[in-house]
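I have placed the structure first, in the form of structure tokens, so that the comments after it can refer back to it.
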Amino acid sequence: MTRTPLISGNWKMNLNHFEAIQTVQKLHYLIPKGVLDNVEVSIHPPFTDIRSVQTLIESEDLDFALGAQHCHFEDSGAFTGEVSPAFLAKLNTQYVICGHSERREVFGETDEMVNAKVLAIMKYAMTPILCCGETLTEREAGKTESKVLGQIDAGLAGVTNEQIAALVIAYEPIWAIGTGKTATADDAQTVCAAIRMQVRKLTDDATADAVRIQYGGSVKGGNAPELMSQPDIDGALVGGASLDPDEFSRIIQFNG
Ligand code: 13P
């Protein structure tokens, strides 16, 4: 089973819509022809940039997928400040991150809300990037797998095998996010393999072999090749380094 690697840039709350256009143009310029034939790249700007980035991608026919960082699970209604998955789909958004640890920890998203988002995103034919990951305390207490696999079970409740095969899971140890600390490639591989095994238990071999699993947490140009060479790591969810087109283009070229 060959899984096309997916490298995703999660800009978090950075870059206004002017800066977004410059960043995406520069990134595209820095990636040699042919690289994007074998690697998929998604860009996840803040909501206020999405329309601008969509227009740029479509008018210049750039080989980037448009992504969002978050959405609500309802189609519409009295949810001040929230964004409907229907609106994202209308902008040709392809990937939506859900259950990022910052959303869970800072904004109180529960496993049940994350599951509702997974289902809502797929209802609009977009692909969820379902995030999971443990805190340092949980890791030190030997609870990494129980935490992460519990998030996977909850996040995938009610999702069909066919849908699971097409979605993306991102393993992001919370202690490695924005800290400059990366899980060793071996540690990241161990958890990603456990996630794939859990998907195998929940579904079947074909589904587990198809689902793409990203690693996230201080991914840089320097550590991307080793992380990406692991058998169960099919991509990277990149925060800080995705704001710098030079560094992000190095990650995208992890293969050479
Ligand atoms: P950093 O790459 O800045 O550690 O962030 C990882 C992340 O949270 C991506 O979603």
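These figures come from a predicted structure and were not determined experimentally. All ligand and atom numbering here is 1-based and tracks the order in the structure.
Of the listed residues (Arg139, Lys143, Lys147), just one forms a salt bridge (Lys or Arg N to Asp or Glu O under 4.0 Å) with Glu134, and that residue is Arg139.
Shown here are the side chain to side chain contact (heavy atoms under 4.5 Å, CB included) partners of Ala157, two or more places apart in sequence or in another chain: Asn115. In terms of the salt bridge (Lys or Arg N to Asp or Glu O under 4.0 Å) criterion, residue partners of Lys123 (sequence neighbours excluded) are, by chain and number, Asp75.
The Ser218 neighbourhood of ligand 1 comprises atoms 1 (P), 2 (O), 4 (O), with distances under 4.0 Å to a heavy atom of that residue. The atoms of ligand 1 that sit less than 4.0 Å from any heavy atom of Gly217 are 4 (O), 6 (C). When each atom of ligand 1 is checked for a heavy atom of Glu172 under 4.0 Å away, the hits are 6 (C), 7 (C), 8 (O), 9 (C), 10 (O). Contact atoms of ligand 1 toward Gly240: 1 (P), 2 (O), 3 (O) (distance under 4.0 Å to a heavy atom of the residue). Taking every non-hydrogen atom of Asn10 and a distance limit under 4.0 Å, the qualifying atoms of ligand 1 come out as 9 (C), 10 (O).
Here CD of Glu40 is found 11.5 Å from CD1 of Ile252. Values are rounded to the nearest 0.5 Å. Residue Ile195 holds its CD1 atom at 11.5 Å from OH of Tyr215, rounded to the nearest 0.5 Å.
By the 30° and 60° cut-offs, the orientation of the rings of His70 relative to Phe47 is tilted.
Summary of contacts: the protein heavy atom closest to atom 2 (O) of ligand 1 is Gly239 N, 2.9 Å.
Nearest to atom 10 (O) of ligand 1 by heavy atom, out of His100, Lys12, Lys181, is His100. Counting only non-hydrogen atoms, the option in Cys131, Gly133, Gly178, Pro173 that gets closest to atom 4 (O) of ligand 1 is Gly178.
The local environment of CD in Gln163 is crowded, with over 12 non-hydrogen atoms from other residues, nucleotides or ligands closer than 6.0 Å.
Using a 4.0 Å heavy-atom cutoff, Ala176 is listed among the residues neighbouring ligand 1.
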